[in-house]
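For reference, the structure discussed in these notes is given below.
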Amino acid sequence: MQGTRGPFSSQFDGVTSQKTIGNSNYNALEIDLRHHRGPLELLLGYTYSKSLDQSSSLAEAANPIDPGLSKALSAFDMRQNFVLSYKYDLPIGGLLRRQNWLTQGWSLTGVTRFSTGFPVTLYNNNDTSLLGTIPNGINNNGVDTPNVSPGNLEVNTNPRSGRPAFNRALFSLSALGQMDTASARFFSGPGINNFDMALLKELPLGEARRLEFRVESFNVANHAQFYGAAAVNGNISSPSFGQIISANAPRLIQLAAKFYF
């Protein structure tokens, strides 16, 4: 439609302008707790944080008229993150009352993590606002988002129920030439609930050398992890809008050996 996008004539197919106009803000409470006594080593970390910005990466465009209108949760915002790592030297020799190369040198180690999910990124690449911020090969997402109506979001972080990740009925496309009402990110998707563990056996090979055998398991419980910045489809023009479309890897078991010298 000639004349709807500014002073350029119909001879211009497109005019692109790029500039840095965004900023970010991050605040956090960070707690570390360490414990080492006897055969047990523990390291506990907890973070409660919030990150805001106008654009979380080069792939996202900010409103060229008023960047403040694009202010939202960062794509990498993680409100709560709890991580526990540990190592325990197994007293097999003491329990069997037999101290030798076969019963000594065993240990159990692992990492346990619980965290809230990343925010769901809502976008509408139809350029209904007529600002011209459509994907251009550099910016994968434009400024436009859907309209949102008041109501219960019904956020669902457990897709095993078969329900979508949120109430899709609250969202709709904006009228042509009108700005949308939904923030790009204002609620989060599924978090993570994961256990990684390893069983180790050390075999001394002299004063300065040793061989370590490891049986490692990632996602020990084989718990489906619907976790990630793109796990939930926030594209209102997509048939799978509001659905959880990706998951992390299932349980992985591997054997390894290390030679120290």
Side-chain angles (χ1 to χ4, degrees), residues 1-25 51-77 117-156 159 163-190 228-246:
M1 293 182 293
Q2 183 176 349
T4 59
R5 297 186 186 275
F8 303 103
S9 71
S10 59
Q11 298 178 11
F12 288 84
D13 179 60
V15 176
T16 300
S17 174
Q18 298 279 340
K19 63 180 179 179
T20 301
I21 56 177
N23 59 68
S24 62
N25 180 276
S51 180
L52 299 168
D53 59 36
Q54 278 86 43
S55 175
S56 294
S57 69
L58 185 62
E60 292 182 349
N63 190 300
I65 308 301
D66 183 358
L69 295 176
S70 296
K71 187 175 183 179
L73 293 173
S74 301
F76 46 83
D77 176 73
F118 288 127
V120 176
T121 298
L122 302 169
Y123 59 98
N124 161 28
N125 284 337
N126 295 295
D127 191 28
T128 51
S129 66
L130 300 180
L131 288 176
T133 59
I134 57 177
N136 56 15
I138 299 176
N139 304 122
N140 296 325
N141 294 337
V143 167
D144 292 14
T145 62
N147 270 335
V148 59
S149 302
N152 186 357
L153 277 171
E154 300 175 12
V155 175
N156 173 32
R163 297 188 293 109
F166 55 86
N167 185 0
R168 297 174 294 182
L170 298 181
F171 298 89
S172 61
L173 286 173
S174 307
L176 194 64
Q178 298 294 317
M179 289 300 298
D180 34 72
T181 58
S183 173
R185 286 176 288 268
F186 63 98
F187 63 94
S188 297
V232 180
N233 187 356
N235 182 2
I236 192 172
S237 300
S238 170
S240 59
F241 174 64
Q243 298 287 349
I244 296 175
I245 57 176
S246 66

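What's counted below: heavy atoms across the whole structure, side chains too, no hydrogens, waters or symmetry copies.
Remark: Ser129 pairs with Asp144 by the side-chain hydrogen bond (donor to acceptor under 3.5 Å, both in side chains) rule, at least two apart or across chains. Residues satisfying the ring pair (Phe, Tyr, Trp, His ring centres under 6.0 Å) test with Phe118, not counting sequence neighbours, are Tyr227. Applying the side-chain contact (heavy atoms from CB on, under 4.5 Å) criterion to Ser24, with sequence neighbours excluded, gives Asp53. In terms of the side-chain hydrogen bond (donor to acceptor under 3.5 Å, both in side chains) criterion, Asn63 has no residue partners (sequence neighbours excluded). Residues meeting the side-chain contact (heavy atoms from CB on, under 4.5 Å) test with Glu154, sequence neighbours left out: Asn152, Asn167. Considering only residues two or more places apart in sequence or on other chains, Asn23 meets the side-chain hydrogen bond (donor to acceptor under 3.5 Å, both in side chains) condition with Gln54. Ser237 pairs by the side-chain hydrogen bond (donor to acceptor under 3.5 Å, both in side chains) definition with Asn126, not counting sequence neighbours. Checked against ring pair (Phe, Tyr, Trp, His ring centres under 6.0 Å), Phe76 has no partners two or more places apart in sequence or in another chain. Considering only residues two or more places apart in sequence or on other chains, Leu52 meets the side-chain contact (heavy atoms from CB on, under 4.5 Å) condition with Lys50, Lys71, Leu73. Taking Arg163 as the reference, Asn156, Ser161 meet the side-chain contact (heavy atoms from CB on, under 4.5 Å) condition, with sequence neighbours excluded.
In this structure, OG on Ser74 lies 8.5 Å from CG on Asn25, to the nearest 0.5 angstrom. Between the OG atom in Ser238 and the CG atom in Asn124 there is a gap of 12.0 Å [rounded to 0.5 Å]. Interatomic distance, Ser174 OG to Asp180 CG, rounded to the nearest 0.5 Å: 4.5 Å. Of the inter-residue distances, the one linking Leu153 atom CG with Phe171 atom CZ reads 5.5 Å to the nearest 0.5 angstrom. With values rounded to the nearest 0.5 angstrom, Asn233 atom CG is found 11.0 Å from Ile244 atom CD1. Between the CG atom of Asn235 and the OG1 atom of Thr121 there is a distance of 11.5 Å, given to the nearest 0.5 Å.
Scanning all heavy atoms of the two residues, the minimum distance from Ser246 to Ala230 falls at OG-O, 3.8 Å. The minimum heavy-atom distance linking Gly189 with Val120 is given by the pair N-CG2, 3.8 Å. When all heavy atoms of Ile21 and Pro67 are compared, the closest pair comes out as CD1-CG, 3.7 Å. Nearest heavy atom pair, residue Ser51 against residue Asp77, reads N-OD1, 2.8 Å.
Of the possible donor and acceptor atoms, none in the side chain of Thr181 sits under 3.5 Å from a partner among the backbone N and O of Asn147. With hydrogens and angles ignored, the 3.5 Å screen pairs a side-chain donor or acceptor of Thr145 with a backbone N or O of Ala182. A donor-acceptor distance shorter than 3.5 angstrom exists from the side chain of Asn125 to the backbone of Gly142, with no hydrogens or angles considered.
Taking the six-membered ring wherever Trp is involved, the centroid distance between the rings of Phe241 and Tyr123 does not fall below 6.0 Å.
When side chains are defined from C-beta on, Phe166 counts as touching Leu122, because their heavy atoms get closer than 4.5 Å. Inter-residue side-chain proximity for Pro190 and Val232 is flagged as met; some heavy-atom pair is nearer than 4.5 Å.
Listed by first then second residue, pairs satisfying salt bridge (charged side-chain N to carboxylate O under 4.0 Å, His left out) with a partner in residues 56-65 read Glu60-Arg185, not counting sequence neighbours.
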